[in-house]
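First up is the structure itself, then whatever we jot down about it.
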Amino acid sequence: MILAAGGFVGLVDSSIIAIAVPDIASDFDAPVNVVQWTSSGYLLAMATVIPLTSSLCHRYGAQRTWVVSLVVFTGATLAAGLAWSLGSLIVFRVIQGLGGGMLFPLMRLLAVEIAGQSRMGRVMALTAVPVQVAPIVGPVLGGVIIDQSSWRWALWASIPLALIALIPAAVWIPNRLIDDVNRVDYWSILVLMPSVTIVILFLTRVSSSEFSVSTFIFGIIAVCLLFGFFRRAKSSTRSIGFELTFLRIKSFRATSLIVFSNNFSMMGVTFLIPLIIETSDPNESVITVGLSLAPQGIGTLLSVLYVGKKIDVSGDPRRLVFAGLTGVAITTFGLAVYANNLSAPAALVLLLIRGIALAFAVAPTMLTLYAGLPTEKYAEATTTNAIVQQIAGAFGAAFAAVSVQVASQYASDRNSVFSLVFAALAIITAATLLSTRGLPTKNSG
């Protein structure tokens, strides 16, 4: 639970600040498009620092890196709440992102280190909880605090959880070093995530009024940078923080595809449901919008420990993931049917079942990721997986946004637009069922 708290704070903070944008704009008398950098800067900093996780763990140990990351995150969070200008707030948010970016992959690495083999499934299943719950808790918690106080207190809300994760880890969790320390290719790492970010911005603006020639040029530049990165990564003797060669391993390749699909679909649905509610009733409160995803989070929480125990007992992740993906696909198709009435009992039940299915689809991949890999390669595998999750989530939200814009040009009404996008997400998930054939049939993590 200590590790889950640390992984949770880094993820929940990004969703808390999103609903505080109007209040921050008012306080600093700044336009919303500039204030948005408080969120964009945080996410970009998180994405940039993730590839450094494995190298820092090799050099200094996972526990020490965890403690330093939490110290940086907590200090920057306190400073952000005391920001005297928008510029200072953006700077402190970037520092927050640098501290928080490694928390989720570090949480999983430490879980692997301290969990016994008999409890590995349950412990790793718990590490899936923050990803599912943070996007739900963040807007609700932020909305309540902002309604009662201010956006500054909304930022500080994550400090107690960060301390819960920091102090016991510093005292009780041992630090383990790995002798094999590779030199880091910092240039490649610094190029990768900004390039991906520009590609995502390009995709989100393709069908919007914000699209321009300059956007197109930046998109071409980003694609060229990505192409150059992958060419360099194949020939470089230095570490880039993750291993592209792992994709040659059948189980790792299958797990990565499934992880990409799960995060792509999850962030797509997380983007769509609040948008549907706000479109149908612009006066709906922030708390209500945040609670709209609660049934899915509750479903995950109710089932994740059972799934973890099932992994430990049966040791057959392939069947669990297949069942989970099937459930996610079916319930997403169901949401396409109820897109015009998400408050209907049937829609709420679908979201609850979808949350349960996500637990089955996500939790086993926390272990299949390491199948066939030596222990000293776990850091690189975890970092690679974290990058896949980050990119998939960003592309999932971008896909949903662009699809809504494109479908609006052809569909007869707004409800049909959302139904089509839900159906597309369901088809993508269903197609991923083929990848389960590459998963190991027993827990060999």
Side-chain angles (χ1 to χ4, degrees), residues 1 3-5 7-8 11 104 107-112 114-137 251-252 254-266 269-270 293-332 349-371 381-382 385-386 388-389 392 429-430 432-433 435-445:
M1 293 304 294
L3 298 177
F8 181 79
L11 296 170
F104 183 69
M107 173 189 68
R108 292 182 56 186
L109 275 174
L110 287 168
V112 170
I114 66 178
Q117 189 62 37
S118 62
R119 297 182 300 126
M120 183 71 78
R122 277 163 282 189
V123 172
M124 293 303 288
L126 274 175
T127 66
V129 173
V131 179
Q132 309 297 326
V133 177
I136 299 164
V137 173
S251 59
F252 189 91
T255 299
S256 297
L257 285 170
I258 292 166
V259 166
F260 187 95
S261 173
N262 282 334
N263 281 268
F264 185 96
S265 174
M266 184 185 72
V269 170
T270 301
L293 289 164
Q296 180 173 288
I298 292 170
T300 300
L301 286 174
L302 290 175
S303 53
V304 70
L305 285 177
Y306 168 80
V307 175
K309 186 176 181 180
K310 194 75 174 174
I311 296 170
D312 290 334
V313 174
S314 70
D316 189 357
R318 182 189 292 181
R319 291 184 180 181
L320 295 174
V321 174
F322 187 90
L325 286 174
T326 301
V328 172
I330 292 172
T331 51
T332 307
V349 170
L350 281 171
L351 282 170
L352 180 70
I353 297 173
R354 192 174 192 275
I356 295 172
L358 277 170
F360 278 82
V362 172
T365 63
M366 302 290 185
L367 285 176
T368 60
L369 180 71
Y370 305 111
T382 303
N385 183 255
V388 169
Q389 288 180 313
T429 301
T432 314
L433 285 168
S435 299
T436 60
R437 298 179 63 183
L439 296 177
T441 54
K442 38 171 86 168
N443 176 13
S444 55

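Counting begins at 1 with the first residue of the sequence.
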Do any side-chain atoms of residues 351-360 form donor-acceptor pairs under 3.5 angstrom with protein atoms, and if so which ones, sequence neighbours left out?
| unit_1 | atom_1 | unit_2 | atom_2 | d |
| --- | --- | --- | --- | --- |
| Arg354 | NE | Thr332 | OG1 | 3.0 |
| Arg354 | NH1 | Gln296 | OE1 | 2.9 |
| Arg354 | NH2 | Ser265 | OG | 2.7 |
| Arg354 | NH2 | Thr332 | OG1 | 3.4 |

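- By the side-chain hydrogen bond (donor to acceptor under 3.5 Å, both in side chains) test, Thr365 pairs with no residue at all, sequence neighbours left out.
- Residues satisfying the side-chain contact (heavy atoms from CB on, under 4.5 Å) criterion with Ile330, sequence neighbours excluded, are Thr326.
- Listed for the Ser256 side chain is a donor-acceptor partner under 3.5 Å among the backbone atoms of Phe252.
- Separating the CG atom in Asn262 from the OG1 atom in Thr255 is a distance of 10.5 Å, to the nearest 0.5 Å.
- In this structure, OG1 on Thr429 lies 11.5 Å from CE on Met266, to the nearest 0.5 angstrom.
- With rounding to the nearest 0.5 angstrom, the CD1 atom of Ile258 is 10.5 Å from the CZ atom of Phe322.
- Counting only heavy atoms from C-beta outward, the side chains of Ser251 and Thr368 never approach each other to under 4.5 Å.
- With Asn263 contributing its side chain and Val259 its backbone, the two residues share a donor-acceptor pair below 3.5 Å.
- Heavy-atom contacts from other residues, nucleotides or ligands closer than 6.0 Å to CZ of Arg319 number 12 or fewer.
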